[in-house]
Asks: 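Mind looking over this structure? Questions follow.
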Amino acid sequence: MRPELVGKSCFVLLILILTCQSVLAYKNSYLRQRKPCKHFELYYHEVLFNGTDAANATSAKATNQTTLGNFKFGMLVVFDNPMTEDNNFLSHPVARAQGFYFYNKKDDYNAWYALTLVFNSTQHKGTINMMGADLMAEESRDLSVVGGTGDFFMTRGIATFQTDTFEGAKYFRLKIDVKLYECH
Amino acid sequence: MRPELVGKSCFVLLILILTCQSVLAYKNSYLRQRKPCKHFELYYHEVLFNGTDAANATSAKATNQTTLGNFKFGMLVVFDNPMTEDNNFLSHPVARAQGFYFYNKKDDYNAWYALTLVFNSTQHKGTINMMGADLMAEESRDLSVVGGTGDFFMTRGIATFQTDTFEGAKYFRLKIDVKLYECH
Amino acid sequence: MRPELVGKSCFVLLILILTCQSVLAYKNSYLRQRKPCKHFELYYHEVLFNGTDAANATSAKATNQTTLGNFKFGMLVVFDNPMTEDNNFLSHPVARAQGFYFYNKKDDYNAWYALTLVFNSTQHKGTINMMGADLMAEESRDLSVVGGTGDFFMTRGIATFQTDTFEGAKYFRLKIDVKLYECH
């Protein structure tokens, strides 16, 4: 090979490697820059069953609180709660939140959640699965979106919970901000 | 640089970028085309403990149903059920399904599951972890495979549940179709 | 095109494809070689509430064991346990383990866990979510790390549990080895 050609080839190779790496970097920039490929906000409404309001209630205690502390430690709640696009309890639900949580701190309120957002409308069909600690002392707390099905096939991301209103044991509302970083 | 060389270089760069992208596209086609890298079907057999059949039972109620509706809302069941390759209850189990579910709808049967498929044979060693809503009103419903260990190291995918037979509270059988889209 | 140029172009293309593939292969070698991008070991300390030791206890039974077998089948425990860097119960906790487990085998001890490691120190802020079967008969057993937030944004991996000490119902300690294979 002529020296001139060798130089050219090396140059081409260098460009090749740099280009490949930048294409890869670009592809992964979603995750690295933490820009979601899908992003939306929904409101979670919970009316806890008090034994007589079966018409309104959408959640119920499966276990009673223990006597470890005064913050309902060990109380496990099962739910099928409506999710709406705004914070109005009477808005048409766009999804259901199905899952459970329990309180688990002896010196403050603190919970742990696992739930599925179930979408079944003309707009969206599919589910989003999430789990994690709900550190109620923090204003906003992040849980993991660990999977999805249908329109949300194999998704992953972060779900940020914020307490929007809390009316004692009767009713509370969370704002759930869903940021998906893997969309297929 | 001679104009001729500039033109050539641009052409080479263009080809470079196109090639890199097509290689990347090919690599991700698994997920985009939704072709599983592993795919199998197993049957889940559940005999719920009635208080006296400890020899046969492989699951038991950890909590009683609440009075919210008539569909066992809040009843939580813990299980260590056999998984077989065909729908015969007496076939040799190829895995165990360890986990729990609870009923969570007040106007129909509906459940939420989290479970681990535990493989411990000469063929397969390892676990597959899944969770999600079991929308029992649908003929087939998708849950998320969120992780795996051993032979199923770091896997992800979809598990499709179908009720194969339902003999009241005593015995039911699910067909679980496992489609893995990430295999390492 | 001159034959000489055609030959050159093909050669360049070949190099291109090979280079792209090797760059991709390198990128995925983490997972393929199963070398963690983060790796650490923590100790999990559990003092189960006995009804009177609220000052020390960090976990409590939410349900009682059933009568299916003699290994606490169906007993569900909720916890907010300290995690330390060494096996000394009195060491300063570097994280909390928040979650639950239940026993689920009728002929031996066996459990199923889902939990969040909550880090909130100057060193680490964020959470790691994991779940899976805790096959207590095995000396070491692998669970799935299915997600993370904050410093552990979108992580995945394997958590290996080993029983470090077991002092009856009162106190037990696990060594949890966390290997993360996806770090962003």
Side-chain angles (χ1 to χ4, degrees), chain A residues 8 11-12 15-24 26-27 48-55 57-64 76-81 96-100 114-118 120 125-131 144-150 152-156 182-184, chain B residues 5 8-9 12-13 15-21 23-25 27-28 30-34 62-70 73-76 100 102-108 110-114 129-135 138 141-147 156-160 181-182:
Chain A
K8 247 199 217 164
F11 179 67
V12 166
I15 293 184
L16 264 164
I17 291 168
L18 290 176
T19 314
C20 284
Q21 280 175 339
S22 63
V23 171
L24 274 172
Y26 174 76
K27 200 204 141 235
L48 185 63
F49 187 46
N50 65 10
T52 59
D53 59 345
T58 51
S59 75
K61 283 196 278 184
T63 66
N64 289 312
L76 187 151
V77 172
V78 162
F79 57 81
D80 169 35
N81 289 330
R96 306 294 298 188
Q98 301 190 353
F100 72 106
L115 66 93
T116 303
L117 298 184
V118 181
N120 187 13
K125 282 201 198 311
T127 67
I128 295 177
N129 291 306
M130 55 183 78
M131 63 182 261
S144 291
V145 172
V146 296
T149 68
F152 306 98
F153 176 73
M154 293 281 285
T155 198
R156 297 185 73 227
E182 291 186 13
C183 306
H184 298 288
Chain B
L5 264 182
K8 247 199 216 164
S9 297
V12 166
L13 258 173
I15 293 185
L16 263 165
I17 291 168
L18 290 177
T19 314
C20 284
Q21 280 174 338
V23 170
L24 274 172
K27 198 205 141 233
N28 289 320
Y30 257 155
L31 266 168
R32 283 228 315 277
Q33 294 176 33
R34 305 193 175 184
T63 66
N64 288 313
Q65 63 196 80
T66 66
T67 54
L68 179 55
N70 299 308
F73 197 110
M75 177 177 138
L76 188 152
F100 72 106
F102 50 80
Y103 293 99
N104 68 333
K105 222 171 180 64
K106 65 180 174 182
D107 49 14
D108 200 357
N110 194 78
W112 194 93
Y113 267 85
N129 291 307
M130 54 182 79
M131 63 182 262
D134 178 18
L135 308 167
E138 314 273 323
R141 45 274 182 190
D142 287 348
L143 284 78
S144 291
V145 172
V146 297
R156 297 185 75 226
I158 304 287
T160 304
Y181 297 90
E182 291 186 13

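Treat the numbers as computed from the prediction; the structure is a model and nothing was measured. Chain naming here is simple, since letters A, B, ... match the order of the sequence lines and numbering starts at 1 in each.
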Asks: Taking the side chain as every heavy atom from C-beta outward, state whether A/L48 and A/N50 have any pair of such atoms under 4.5 Å apart.
Replies: no

Asks: Which atoms of A/T155 come close to chain B, meaning under 4.5 Å heavy atom to heavy atom: side chain ones, backbone ones, both, or neither?
Replies: backbone

Asks: Return the option, out of A/A57, A/G126, A/G150, with the maximum number of heavy-atom pairs under 4.5 Å with chain B.
Replies: A/A57

Asks: Is it true that atom CG of B/D107 has more than 12 heavy atoms of other residues, nucleotides or ligands lying nearer than 6.0 Å?
Replies: yes

Asks: So for A/F49, is it side chain, backbone, both, or neither that comes closer than 4.5 Å to the heavy atoms of chain B?
Replies: side chain

Asks: Sort A/A97 into side chain, backbone, both or neither according to what part of it lies under 4.5 angstrom from a heavy atom of chain B.
Replies: neither

Asks: So what's closer than 4.5 Å to chain B heavy atoms on A/V146: side chain, backbone, both or neither?
Replies: both

Asks: Output yes when a side-chain donor or acceptor of A/T116 lies under 3.5 Å from a complementary backbone atom of B/G132, and no otherwise.
Replies: no

Asks: Are any side-chain N or O atoms of A/R96 and backbone N or O atoms of A/V118, one a donor and one an acceptor, separated by less than 3.5 Å?
Replies: no

Asks: Kindly indicate whether the side chain of B/M130, heavy atoms from C-beta on, has any atom under 4.5 Å from the side chain of B/Y113.
Replies: no

Asks: I'd like to verify something: which residue of B/A62, B/G69, B/G157 has the highest number of heavy-atom pairs under 4.5 Å with chain A?
Replies: B/G157

Asks: For A/L115, is it the side chain, the backbone, both or neither that has a heavy atom under 4.5 Å from a heavy atom of chain B?
Replies: backbone

Asks: Measure distances from B/L135 to the heavy atoms of chain A and classify the residue's part below 4.5 Å as side chain, backbone, both or neither.
Replies: side chain

Asks: What part of B/T66 is in contact with chain A, defined as an atom under 4.5 angstrom from a non-hydrogen atom: side chain, backbone, both or neither?
Replies: side chain

Asks: Taking A/M131, A/R156, A/Q98 one by one, which has the highest count of heavy-atom pairs under 4.5 Å against chain B?
Replies: A/Q98

Asks: Could you tell me which non-hydrogen atom of B/F102 sits nearest to which non-hydrogen atom of A/V78, and how far apart they are?
Replies: CD1-CG1, 3.5 Å

Asks: Hey, could you give me the CG/CG distance between B/N110 and B/N104, rounded to the nearest 0.5 Å?
Replies: 5.0 Å

Asks: Hey, which of B/V145, B/L68, B/I158 has the most heavy atom pairs under 4.5 Å with chain A?
Replies: B/L68

Asks: Determine whether a donor-acceptor pair (N or O, by modelled atom type, separation under 3.5 Å) exists between the side chain of B/T63 and the backbone of B/L76.
Replies: yes

